[in-house]
Structure formats: C-alpha cells, structure tokens
Amino acid sequence: MAKSPEEEHPVKAFGWAARDQSGHLSPFNFSRRETGEEDVRFKVLYCGICHSDLHSIKNEWGNAAYPMVPGHEIVGVVTEVGSKVEKFKVGDKVGVGCLVGACNSCESCSDDLENYCSKLILTYNMPYHDGTRTYGGYSDTMVAPERYVVRIPDNMPLAAGAPLLCAGITVYSPLKYFGFTQPGMHIGIVGLGGLGHVAVKFAKAFGVKVTLISTSPSKKKEAIEHLGADSFLVSRDPEQMQAAMGTMDGILDTVSATHPLLPLLGLLKNHGKLILLGVPEKPLELPAFSLLMGRKTVAGSGIGGMKETQEMLDFAAKHNVTADIEVVPMDYVNTAMERLAKADVRYRFVIDIGNSLSATKP
C-alpha cells in the first residue's frame, strides 16, 4: 500500500497544496527525503508565483497529480549539505528553479542543457528517481542535488531575485543563444508581464535597442520610463505596426494567450528570428509565405541549463537586474492566483515563506 505524503520520507515538511483542479491551495503536511551525499537542503525564505503554477494547479495542461505543492522560483539559506557536496556550505544563499533532476548522462546533460533532457525532472508535479512525487517551493524546506542548486550572489536581494530562477533564465537563454546581445541590434519584446519586464531589463543590460510590443497603450510610460525600453509599439495600431515593418533583428514573444504571429513576422528584418517563450493553449497559425519572403525563423526556447542559470544570476547581480515584485504572505496565495489570472500584478508575486508560512499551520 502506498504511503501517505506525510510518511513517504523521514524529514517532515509543511507547505500549501492544491488538492484538485479547482486550484484552491491550503495547508499541507508532507515529507522530504533525507539529505543524500550529493544533496543540499535549505530553509525556504521566498518563492515566486509563476504563471505555470496557475496552469498546473488548475490542470490546464492535463498532467496534474494531486496533492500538488507548486513553486519553482525558490530561494533560501542552506541548513545541511551531503558529504560529497563541494560548492555549498551551511549558511549560503541558494536557489532552485524549474529543475531538480535529469539523466545526467545524455548529450543534452553533457552539454549543460539539462532542461532539454528527455528525462528531466521538474521541481514539482513529477515522479522523482525514487518514484515519489516532487513537491515545490510553497513549503518550509527544500532538498535537491548539488547540480540543480544555484548560488544567489551576495548583492542580490533574495525576494526580487527569486523570479529570475524561471522568468530570468527563460529570457536570458534565448537572448544569448540566438545572438540578440550584439551592440547595435534592435530587439522586440512582446508582452509586458512577468517574463516581458525582465526581458527588457536583460536586453538593455546587454546594450541593445529594445522596443516593447503590447496591446495596451497604457503601458507605454511604464515600459519606457521605468523599465528603460527605447520605444513602444501598440500591436493593435495598424499605422504604428506599418511604420515599424522590417526594423527588428529579433523578437522574444512572451505572450501565453492565442495571438496572431503574422504581424510580428512583418516587424522582422530579412533573416530575423521570432522566438516563442509563452505557451498558448491552442496552436498558433503560421503562414509559410511570411517566412519564405525574407528567410525568417520562428523558434522556441525553454528555460535553460544549470550552468547558464548560474551565469544569468551572476550577470543580473553585476548589472542590477531583478524582478519587480509584490511580496505577499502565504495565506494570500489564493487571492494572488485570482489576480494573476487577471494579469493584476506588476510583475511577479513572491510569497514571503520565511515570515508567514509557519503561522498558517493548522
């Protein structure tokens, strides 16, 4: 007979979990494994709320297993390390992002691209190597193999740094891989949300020209004055779109709602690249002619490997890139999810686990 989540492992843990596809989160007692010889255990202090947490708890991707403890933008302080751990010690500031495992031996893993391993293990809602489920960061304690733990730079604020573990690497990796970091380039960012606002900051830190593309004219002042975008384009304004045709070297599309790609492809120069980072529920329409005329590329990118995630954090710390956050207590999480569903956040909720979780114990 299967053991209960509370009895599966020897180390007691407490968090908040969704029990069904209503997505409602409530207090949950469970357990974590003992610290293995290659493991790092840490006390969770903050955890960001990613849009994929909302999709997952409501089973919108059809793969949910309940009870589910979400959260993959997790930061805290090391409390214990295994005997073979070399990079971390007790007291270090660390983080865990979207991954806690992979096969560690395939071509992708050998190339430090664990995120593209066919056997990758996500931080929550997946079977781990031992057959038990993974539970995420809406919890008091976390344990992960050293390979999947990153160091948070000393000068990076923990709460505002947490969302970089998902949103940050999701935009940093394609900027680097597709060559969008060369001075003089003109890059478009579609959507001003959790991903988009961080994408603008990273692109500007690399020294490229950035145009924020949005359906909402009201976001222009925020994009230019606060985030530092060079220009702003209203995608629903035909005149503005026409004037910007053929001006961009690359575009990062962060939008997860269904939207037309044709107008975006029109903004690209010849040989330009449109990179999809969002996950709309329905397939997008892709007219072939818009690619053929100008040898344009549509590609995708998903998070990043562990080596690049550390590189991203170090770059962010050097250039003072953090997420714009609203810190909330644990018992506010269901309200935060409702607001996130309406895009009512600028631009990332972060749960103050360290100061508010224990007070919610039944």
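Just the heavy atoms: all of them, side chains too, but no hydrogens, waters or symmetry mates, feed the values below. Count residues from 1 along the sequence.
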How close do Thr254 and Gly191 get, heavy atom to heavy atom, and via which atoms? OG1-O, 3.5 Å

Between Arg41 and Asp39 (side chain of the first, backbone of the second, donor and acceptor by atom type, cut-off under 3.5 Å), is there such a pair? no

Between Tyr172 and Glu311, a side-chain donor and acceptor under 3.5 Å: yes

Quick check: do Val333 and Phe349 have side-chain heavy atoms less than 4.5 Å from each other? no

Over all heavy atoms of both residues, which pair between Asn125 and Asn63 is shortest? Give the atoms and the distance, please. ND2-O, 3.1 Å

Any donor-acceptor pair under 3.5 Å linking the side-chain atoms of Asn270 with those of Arg295? no

Main chain of Val210, side chain of Asp230: is a donor-acceptor contact present, judged purely on distance under 3.5 Å? yes

Indicate whether the side chain of Thr123 and that of Thr134 have a donor and an acceptor atom separated by less than 3.5 Å. no

May I ask you to decide if Gly97's main-chain N or O and Glu73's side chain share a donor-acceptor pair within less than 3.5 Å? no

Is the ring centre of Phe206 less than 6.0 Å from the ring centre of Phe315? yes

Return the minimal non-hydrogen interatomic distance between Phe42 and Val75, and the atom names on each side. CE1-C, 4.1 Å

When hydrophobic residues are tied together by side-chain contacts of less than 4.5 Å, even through go-betweens, does Ile224 share a cluster with Met248? no

In terms of heavy-atom contacts, Val69 and Ala17 come closest through CG2-CB, 3.9 Å

Backbone N/O of Lys87 and side chain of Glu146: donor-acceptor pair under 3.5 Å: yes

Donor-acceptor pair, side chain of Arg339 and main chain of Asp344, under 3.5 angstrom: yes

May I ask you to check whether Asp111 and Tyr116 show a side-chain donor-acceptor distance below 3.5 Å? no

Exercise: identify the closest heavy-atom pair between Ala323 and His197: CA-NE2, 3.5 Å

Are the side chain of Gln240 and the backbone of Val234 linked by a donor-acceptor contact shorter than 3.5 Å? yes

For a quick check under 3.5 Å, do Glu80 and Thr35 share a side-chain donor-acceptor pair by atom type? yes

Shared hydrophobic cluster for Ile49 and Leu54 (ILVMFWY, side-chain gaps under 4.5 Å): yes

Is the cationic atom of Lys219 (NZ for Lys, CZ for Arg) positioned less than 6.0 Å from the six-membered ring centroid of Phe232 and within 45 degrees of its normal? no

Looking just at side-chain N and O atoms, do Asp324 and His226 make a donor-acceptor pair shorter than 3.5 Å? yes

Apply side chain to side chain contact (heavy atoms under 4.5 Å, CB included) to residues Ile325 and Val350 and explain how you reach the verdict. CA-CA 6 Å; Ile325 60 169; Val350 174; 3.6 Å; yes

Does a side-chain N-to-carboxylate-O contact under 4.0 Å join Arg147 and Glu114? yes

State whether the number of non-hydrogen atoms from other residues, nucleotides or ligands found under 6.0 Å of Lys220 atom NZ is greater than 12. no

Does a side chain donor of either Gln310 or Asp314 reach within less than 3.5 Å of an acceptor in the other side chain? yes

Closer than 4.0 angstrom, basic N to acidic O: yes or no for Asp249 and Lys273? no

Do Tyr124 and Val143 land in one hydrophobic cluster if side-chain heavy atoms of ILVMFWY residues count as linked below 4.5 Å? no

Do the side chain of Ser356 and the main chain of Pro329 share a donor and acceptor less than 3.5 angstrom apart? no

Out of curiosity, does Leu212 fall in the hydrophobic cluster containing Leu267 (side-chain heavy atoms, cut-off under 4.5 Å, transitive links)? no

Looking at His186 and Thr247, would you say the former's side chain and the latter's main chain have a donor-acceptor pair under 3.5 Å? yes

Without hydrogens or angle criteria, can the side chains of Ser256 and His51 be said to hold a donor-acceptor pair below 3.5 Å? no

Which atom pair, heavy atoms only, marks the closest approach of Gly15 to Leu357? CA-CD1, 4.3 Å

Ring-ring centroid check Phe28 Tyr135, cutoff 6.0 Å: yes

Honestly curious: do Leu252 and Leu264 fall in one hydrophobic cluster under the side-chain, below-4.5 Å linking rule? no

Under 3.5 Å, is there a donor-acceptor pair linking the side chains of Glu326 and Tyr332? no

Side-chain donor-acceptor contact under 3.5 Å, Arg33 with Thr132: no

Between Ser290 (side chain only) and Pro287 (backbone N and O only), is there a donor and an acceptor less than 3.5 Å apart? yes

Counting distance only, does the side-chain N/O of Asn355 pair as donor-acceptor with the main-chain N or O of Asp352 below 3.5 Å? no

Is a side-chain donor-acceptor pair under 3.5 Å present for Ser26 with Trp16? no

